A.B. asks: 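First the structure, which I've put down as structure tokens, then a few questions once you've had a look.
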Amino acid sequence: MKTIDLDHIFNTLRLTTPDIDLLAFCGGNKTSKVNAWVNNLKTTQTINTCSQLYQAIAQILRLKTTAPERKAMLDELFLTAYTSCLSLGKEFLNQPLLLPEQAQKSAMLGQAILKSLAAGYLLYLQKICTEKKHKAAQLTQAAEAAHSALQCLALMQLRNQQLYSQATPLIWRYANALIQLADHLNIRETLVKSVLPECQASTPDHAYLRMVALAGAQLNQLTQIDMHNVFNALGPWSATLRFSDEPSTFWVDLQQDGAPQPQKRKSAPEHGNIIHIDFTALTQQLSYLIAGDNPAIGHDTQMTLPPEINLPTAMHLEAAWSRSSLRSDERRTSAHTAEIIIGFQQCHSKLSGVDDFSAFLGDTIAAPKSTGMLTNLMGALTPSDNTNTKTSGAFTPLKVTTQNVSKEGYCLLWEGSQSVRISAGDVVIIREHAKRDWGVGVIRWIRQLKQHSILGVQLINSKPQAVGASCHYQEGGYSDFMRAFLLPSLHSHQNPSLLTANLLFNEQTKVKIKTTASNPPVQSKILHCQITTGKVKVFELQKVSLSPQQNSSQVHEL
């Protein structure tokens with residue numbers, strides 16, 4: 001890294017100027033008073049606790065005190081504040097894409113707490129950087145401060161991505177300043193024992209590289225839960241990442257407020273304070289783990305695949321962080337209107353014309369009687385705010401505009417204000433302007449902006465048919481029928497496909513397919529998986545005749 005201008009960095013940060021002598025929230029100006037106050041917080045009352053923490057941290061930033069005392073106070077608050085911000089997520093996650101007002105306030109409160117904590121540690125580092133000589137203990141304390149600040153910024157970054165928005169420039173302004181200050185103090189590789197379980201033994205370098213990896217992971221293509229799982233996994237995985245002297249996977253201009261850029265899409269400029277980050281070891285180890293070679297070793301670090309990271313997510317990450325994953329689909333601009341319906345249940349009901357799935361199956365087929373785990377999981381595939389239990393005609397499509405179109409799908413602009421839950425991986429049916437038929441696809445990515453939302457939809461099939469599907473258990477017997485979509489082949493030499501929930505159905509499994517209430521189920525077999533998201537799978541289906549005229553002797557033999 002280049003030599004830095006400390007005055008310029010801190011002028012750019014615009015940190016609070018201390019101007020008070022007493023902390024009103026605890027009635028003192030000593031760490032012991034802050035400790036006693038924290039111990040009396042009712043942390044189970046998350047919103048109330050966060051409101052008090054926000055006010056307390058703001059006062060600590062304004063307090064006239066020594067640098068060690070300020071850091072000690074912030075350390076007293078750090079664990080409680082960080083975990084409270086994590087708990088606050090339940091107030092605004094798994095909500096409609098356009099957050100209700102109270103959910104917006106909760107999200108903003110959490111971000112404000114984390115930002116204030118990071119600013120407090122920067123205030124401490126500002127004082128340390130003005131000193132000419134440093135003892136070993138001071139440098140250790142400085143490394144802890146930089147590491148804690150970067151952890152706060154990483155959680156802020158995750159929250160932005162979970163709400164399908166982009167990290168604010170302030171996050172990267174702080175993060176880029178912190179890594180430069182750590183370099184100036186020569187503490188980038190100082191080992192810090194964090195109080196957080198996902199980063200128990202880490203360095204400021206690791207904390208910064210974790211943020212770079214989060215920025216490059218294309219998390220807007222994942223569900224909110226999968227995003228959090230990736231966030232946790234990157235605690236230990238960040239140890240495999242390395243800064244590089246030569247152009248590599250990603251680059252960052254530390255003099256700017258921008259997020260990391262992939263080298264494959266935009267080459268690093270020749271001017272500025274540019275750093276390069278090499279993801280080669282991480283992507284190689286991920287490819288080994290995906291192939292089943294576990295455990296893997298990279299840079300003297302044992303890397304494993306946590307059980308929370310499923311295979312589709314691991315494959316997504318390996319592609320996102322790989323230099324060879326650039327897409328080259330030709331897109332053409334478009335400004336036509338279209339209609340979409342989102343959610344497995346809603347799409348099935350619209351295409352079949354029947355809301356009650358037991359009615360779709362017919363009287364001879366018993367509907368699932370239990371409301372156990374499988375039923376709950378199936379329900380989770382359906383955004384509840386779109387549901388109307390009366391008639392399928394009540395599923396009002398969302399009006400969208402096609403910004404651009406390719407052979408793979410659409411980029412859609414939605415400016416509606418309806419309370420709709422949308423997440424990456426959801427099934428969607430789409431009908432373009434002046435067309436009669438609905439096509440089926442999946443939402444691959446979402447970007448939430450101030451006045452509108454942008455959805456990336458992968459088109460899977462232009463003539464889907466709503467069906468019921470039941471899979472064969474290895475121990476014998478068949479499951480209850482579940483909603484599914486039969487996707488006819490585009491060419492006579494190709495097999496049809498079956499779109500199912502990401503549950504039970506696996507490759508090389510026998511299935512029964514029921515097309516209408518009056519037709520008996522037909523037996524077939526699903527072959528290899530063609531597409532997978534966190535919510536659904538698309539399988540190649542062994543050819544089978546589903547003609548209403550066939551009799552039982554004509555059913556395709558497996």
Side-chain angles (χ1 to χ4, degrees), residues 311-312 344-345 347-354 356-368 374-375 377-378 381-382 425 427 429 437-442 458-533 535-558:
L311 188 59
F344 209 99
Q345 176 184 325
C347 293
H348 193 280
S349 297
K350 184 67 177 180
L351 292 181
S352 67
V354 181
D356 188 344
F357 188 54
S358 60
F360 172 84
L361 296 173
D363 296 335
T364 59
I365 304 296
L374 178 60
T375 305
L377 288 171
M378 286 298 296
L381 292 169
T382 303
V427 169
I429 55 174
D437 295 330
W438 292 86
V440 66
V442 291
Q458 177 185 358
L459 183 65
I460 299 175
N461 194 275
S462 58
K463 295 183 179 180
Q465 180 183 359
V467 299
S470 170
C471 70
H472 184 264
Y473 292 126
Q474 289 185 349
E475 60 272 17
Y478 280 82
S479 70
D480 290 325
F481 275 88
M482 292 177 284
R483 290 179 175 87
F485 298 90
L486 181 65
L487 312 178
S489 58
L490 300 178
H491 304 283
S492 59
H493 63 277
Q494 294 177 336
N495 287 343
S497 301
L498 188 70
L499 191 159
T500 73
N502 196 12
L503 301 165
L504 294 184
F505 296 90
N506 291 300
E507 294 179 341
Q508 307 302 319
T509 301
K510 296 178 182 178
V511 292
K512 290 181 179 179
I513 299 174
K514 186 168 179 62
T515 55
T516 65
S518 59
N519 291 338
V522 175
Q523 198 174 55
S524 186
K525 185 178 183 179
I526 51 180
L527 306 177
H528 72 279
C529 183
Q530 299 170 320
I531 298 173
T532 182
T533 74
K535 295 191 173 186
V536 299
K537 290 180 179 178
V538 177
F539 296 96
E540 180 184 5
L541 185 68
Q542 195 173 62
K543 280 193 175 180
V544 59
S545 175
L546 295 170
S547 170
Q549 285 77 31
Q550 75 179 97
N551 55 43
S552 59
S553 63
Q554 294 174 309
V555 174
H556 182 82
E557 294 290 333
L558 294 177

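Remember, it's a predicted structure, so these values are computed and weren't measured experimentally. Side chains included, hydrogens not; waters and symmetry mates left out as well; all remaining heavy atoms used.
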A.B. asks: Quick one: closest heavy-atom pair of Leu351 and Ala466, and the distance?
C.D. replies: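 For Leu351 and Ala466, the tightest heavy-atom pair comes out as CB-CB, 4.0 Å.
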
A.B. asks: Gly468 and Phe481: which non-hydrogen atoms are nearest, and at how many Å?
C.D. replies: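 Closest pair (atom of Gly468, atom of Phe481, distance): C-CD2, 3.6 Å.
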
A.B. asks: Supply the atom-to-atom distance Leu498 CG to Gln530 CD, rounded to the nearest 0.5 angstrom.
C.D. replies: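 Between atom CG of Leu498 and atom CD of Gln530 there are 10.0 Å.
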
A.B. asks: Could you tell me if the side chain of Val440 sits less than 4.5 Å from the side chain of Val427, heavy atoms only?
C.D. replies: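 A side-chain contact exists here, since the closest heavy-atom pair is under 4.5 Å.
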
A.B. asks: Return the minimal non-hydrogen interatomic distance between Ala469 and Ala484, and the atom names on each side.
C.D. replies: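 Heavy-atom minimum between the residues: CB-CB, 3.7 Å.
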
A.B. asks: Could you measure the distance from the NZ atom of Lys510 to the OG atom of Ser524? Nearest 0.5 Å is fine.
C.D. replies: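 Reported to 0.5 Å precision, the distance equals 11.5 Å.
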
A.B. asks: Check whether any side-chain heavy atom of Leu486 lies under 4.5 Å from a side-chain heavy atom of Leu541, and answer yes or no.
C.D. replies: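 Of all side-chain heavy-atom pairs linking Leu541 with Leu486, at least one is under 4.5 Å.
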
A.B. asks: What heavy-atom pair brings Glu540 and Asn495 nearest, and what distance separates the two atoms?
C.D. replies: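 Heavy-atom minimum between the residues: OE2-ND2, 2.7 Å.
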
A.B. asks: I need the single residue from Ile513, Thr500, Thr509, Asn506 that forms a side chain to side chain contact (heavy atoms under 4.5 Å, CB included) with Ile526. Which is it?
C.D. replies: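 Considering Ile513, Thr500, Thr509, Asn506, a side chain to side chain contact (heavy atoms under 4.5 Å, CB included) with Ile526 is found only for Thr509.
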
A.B. asks: Can you tell me how far CD of Gln508 sits from CG of Leu527, rounded to the nearest 0.5 angstrom?
C.D. replies: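 Rounded to the nearest 0.5 Å, the CG-CD separation comes out at 5.5 Å.
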
A.B. asks: With sequence neighbours left out, write down each residue that passes side chain to side chain donor-acceptor pair (under 3.5 Å) with Asp356, or none if nothing qualifies.
C.D. replies: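 Testing Asp356 for side chain to side chain donor-acceptor pair (under 3.5 Å), a comparison that skips the adjacent residues, returns Ser358.
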
A.B. asks: Run through Val467, Val538, Ile531, Asn461 and flag the one making a side chain to side chain contact (heavy atoms under 4.5 Å, CB included) with Leu499.
C.D. replies: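 Output: one option passes, namely Val538.
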
A.B. asks: Taking all non-hydrogen atoms of both residues, which atom of His348 and which atom of Phe485 are closest, and how far apart?
C.D. replies: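 Heavy-atom minimum between the residues: N-CZ, 3.5 Å.
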
A.B. asks: Which distance, rounded to the nearest 0.5 Å, do you find between the CG of Leu361 and the CZ of Arg483?
C.D. replies: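 Going from CG on Leu361 over to CZ on Arg483, the span is 9.0 Å.
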
A.B. asks: Check ring-ring contact (aromatic ring centres under 6.0 Å, His included) between Phe539 and all other residues, then give those that pass, not counting sequence neighbours.
C.D. replies: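 If we apply the ring-ring contact (aromatic ring centres under 6.0 Å, His included) test to Phe539, skipping adjacent residues, there are no hits.
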
A.B. asks: If I compare all heavy atoms of Phe505 with all of Ser470, which pair ends up nearest, and what's the gap?
C.D. replies: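 That would be CE2-C, 4.2 Å.
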
A.B. asks: Looking at side-chain heavy atoms only, is the closest gap between Tyr478 and Gln523 below 4.5 Å?
C.D. replies: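 A side-chain contact under 4.5 Å exists here.
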
A.B. asks: I would like to know whether Asn519 and Thr516 meet side chain to side chain donor-acceptor pair (under 3.5 Å); could you show each step before the answer?
C.D. replies: CA-CA 5 Å; Asn519 291 338; Thr516 65; 3.1 Å; yes

A.B. asks: Keeping Glu507 on the side-chain end and Cys529 on the backbone end, is there a donor-acceptor pair under 3.5 Å?
C.D. replies: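 Yes; judged by distance alone, with no hydrogens or angles, the pair exists.
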
A.B. asks: So how far is it from Thr533 OG1 to Asn502 CG, rounded to the nearest 0.5 Å?
C.D. replies: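 Thr533 atom OG1 to Asn502 atom CG measures 6.5 Å (nearest 0.5 Å).
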
A.B. asks: Could you pull out all residues at least two apart from Gln458 that satisfy side chain to side chain donor-acceptor pair (under 3.5 Å)?
C.D. replies: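 Counting only residues at least two positions away or on another chain, Gln458 forms a side chain to side chain donor-acceptor pair (under 3.5 Å) with Arg444.
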
